[in-house]
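Numbers for residues simply follow the sequence, beginning at 1. Please read these numbers as outputs of a predicted model, since none were measured by experiment. Worth knowing before you read on, the calculation uses all heavy atoms, side chains too, and leaves out hydrogens, waters and symmetry mates.
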Amino acid sequence: MAKPCPPRAFHRALRLSGLLAALTLGSTAMAAPPVAAFQSEYRLKAAGFPFSVSATRSLSPAANGGWKMEVKAKNFIGEIRETSLFEWQGCVPVTRYYGYRRAGLGRVKTAELRIDPATHRATSERSGHEPRDYDAGAAATDEIALPLALQCMLSRDQDNLTLRVADEREVETHRYQVEGRETLEVGDHEVATIKVRRVRERDNGRETWLWFAPEHDYALVQLVQRNNDGRHVLRLENLP
């Protein structure tokens, strides 16, 4: 016949099981990504083009334990695809690889950027350019993963919206500020959004705004880029 468990040993076992449960729950919480996986459909209207283009933004787990952000736009003229492979460090999607491919009218343009996580050296190749090598420093993201960082920062009420952004040529510091709140129409719904503007130290004729929806996990609702050639708008078609 088994001996009854002494009260002291019983309570110790309860404390240990509770500690293990807390550790397990904590590990699960820590493993959860700052932004959940998604796939959303957008409409892109570029200045100078009489028609709009459908575009897809998607975030999914990558095979190596990291994450993959992809933007695809396609019409009867051609297609554009941008891919980012990264690892989360807090709210920053730290880029390991960025790829760009545009095909249309018999022409193909490509660009690739790789950042070594140990040395932070960035190596890039672009169509029609010599390969480039530079020091990207720590915790650099890229252009298409950047909205994910802002989405995470806004959800955590962070005031300092500053990011280091790498491309095929160099790394730059991007600063953003909240300009206010606006209501936008998405499909048949009115969506409350936070409007964010990129702060540029020099007036180079470019302006950038982004709108995020707090009631929908701070999803990107709209992005507007105003260049010397006109206004470019990327807008969410339907709520996730």
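Note that the CD atom of E143 and the OG atom of S84 stand 11.0 Å from one another [nearest 0.5 Å]. Rounding to the nearest 0.5 Å gives a distance of 10.5 Å between CG of L154 and CG of L220. Atom-to-atom distance recorded for C152:SG and Q158:CD is 6.5 Å, nearest 0.5 angstrom. Residue D142 holds its CG atom at 11.5 Å from CZ of R96, rounded to the nearest 0.5 Å. Atom OG of S40 is separated from atom CG of L236 by 5.5 Å, given to the nearest 0.5 angstrom. To the nearest 0.5 Å, atoms NZ (K74) and OG1 (T56) are separated by 11.0 Å.
A 4.5 Å side-chain heavy-atom check between Y100 and T83 finds every atom pair outside the cut-off. Counting heavy atoms from C-beta outward, S52 and L44 have side chains that stay 4.5 Å or more apart. The shortest distance between side-chain heavy atoms of Y176 and R197 does not fall below 4.5 Å. Between R206 and R200, some side-chain heavy-atom pair lies under the 4.5 Å cut-off. Between R181 and P214, some side-chain heavy-atom pair lies under the 4.5 Å cut-off. At least one side-chain heavy atom of W67 sits less than 4.5 Å from a side-chain heavy atom of P33. Contact annotation: the side chain of L150 approaches that of L210 to within less than 4.5 Å [non-hydrogen atoms, C-beta and beyond]. Annotation: side chain of T123 is not in contact with side chain of L113 (no heavy-atom distance under 4.5 Å).
Among all heavy-atom pairs drawn from P93 and L148, the shortest one is CG-CB, 4.5 Å. Here the closest non-hydrogen pair linking I115 and A166 is CD1-CB, 4.1 Å. Taking every heavy atom of both residues into account, R231 and V233 meet most closely at NH1-CG2, 3.5 Å. Between E168 and S124, the shortest heavy-atom distance links the atoms O-OG, 2.5 Å. The two atoms that bring V191 and V186 nearest to each other are CG2-CG2, 3.8 Å, heavy atoms only. C91 and M153 get closest at one heavy-atom pair: SG-N, 3.6 Å.
Atom CG of N227 sits in a crowded spot, with more than 12 heavy atoms from other residues, nucleotides or ligands closer than 6.0 Å. Remark: D133 CG is packed, more than 12 non-hydrogen atoms of other residues, nucleotides or ligands lying under 6.0 Å away. Residue-environment remark: CG (D188) stays at or below the threshold of 12 foreign heavy atoms within 6.0 Å.
Linking ILVMFWY residues whenever their side-chain heavy atoms come closer than 4.5 Å, directly or via other members, places F86 and F38 in the same cluster. When the side chains of ILVMFWY residues are joined at heavy-atom separations under 4.5 Å, either directly or via intervening members, L85 and V94 end up in two distinct hydrophobic clusters. Criterion: ILVMFWY side-chain heavy atoms under 4.5 Å apart, direct or through other members. Under it, Y97 and Y134 are not part of a common hydrophobic cluster. Hydrophobic clustering, with ILVMFWY side chains joined whenever heavy atoms are under 4.5 angstrom apart, groups L234 together with Y218. F212 and V178 fall within a single hydrophobic cluster, where Ile, Leu, Val, Met, Phe, Trp and Tyr side chains are chained together by heavy-atom contacts under 4.5 Å.
With S54 contributing its side chain and R43 its backbone, the two residues share no donor-acceptor pair below 3.5 Å. Not one N or O on the side chain of R126 forms a donor-acceptor pair closer than 3.5 Å with the backbone of K109. A donor-acceptor pair under 3.5 Å links the side-chain atoms of T119 to the main chain of R121, judged by distance alone. Side-chain N or O atoms of D135 include one that pairs as donor or acceptor with a backbone N or O of G137 at under 3.5 Å. Although no hydrogens or angles enter the test, the distance criterion places a donor-acceptor pair under 3.5 Å between the side chain of D167 and the main chain of E170. Judged by distance alone, with hydrogens and angles left aside, the side-chain atoms of H129 form a donor-acceptor pair with the main-chain N or O of S127 at under 3.5 Å.
For the residue pair Y42 and R57, a side-chain donor N or O sits within less than 3.5 Å of a side-chain acceptor on the partner.
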- Task: Dump the intermediate steps for side chain to side chain contact (heavy atoms under 4.5 Å, CB included) on E172 and R164, then the final yes or no.
- Result: CA-CA 6 Å; E172 292 184 339; R164 301 177 64 258; over 6 Å; no
- Item | Steps toward side chain to side chain contact (heavy atoms under 4.5 Å, CB included) verdict (V171, V165) | CA-CA 5 Å; V171 61; V165 183; 5.8 Å; no
- Begin from the C-alpha positions of Y98 and E82 and carry the test side chain to side chain donor-acceptor pair (under 3.5 Å) through to its verdict. CA-CA 7 Å; Y98 165 82; E82 291 183 271; 2.4 Å; yes
- Task: Show the numbers, then the answer: is there a side chain to side chain donor-acceptor pair (under 3.5 Å) between E190 and T183?
- Result: CA-CA 6 Å; E190 289 190 344; T183 299; 5.8 Å; no
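With salt bridges taken as basic N to acidic carboxylate O contacts below 4.0 Å, one links R175 and E201. Between R114 and E112 there is a salt bridge, since at least one side-chain N of the basic residue sits less than 4.0 Å from a carboxylate O of the acidic one.
Of the residues R226, Q225, R198, the one that meets the side chain to side chain contact (heavy atoms under 4.5 Å, CB included) test with E207 is R226.
Ring planes of W209 and W211: tilted class, angle from 30 to 60°.
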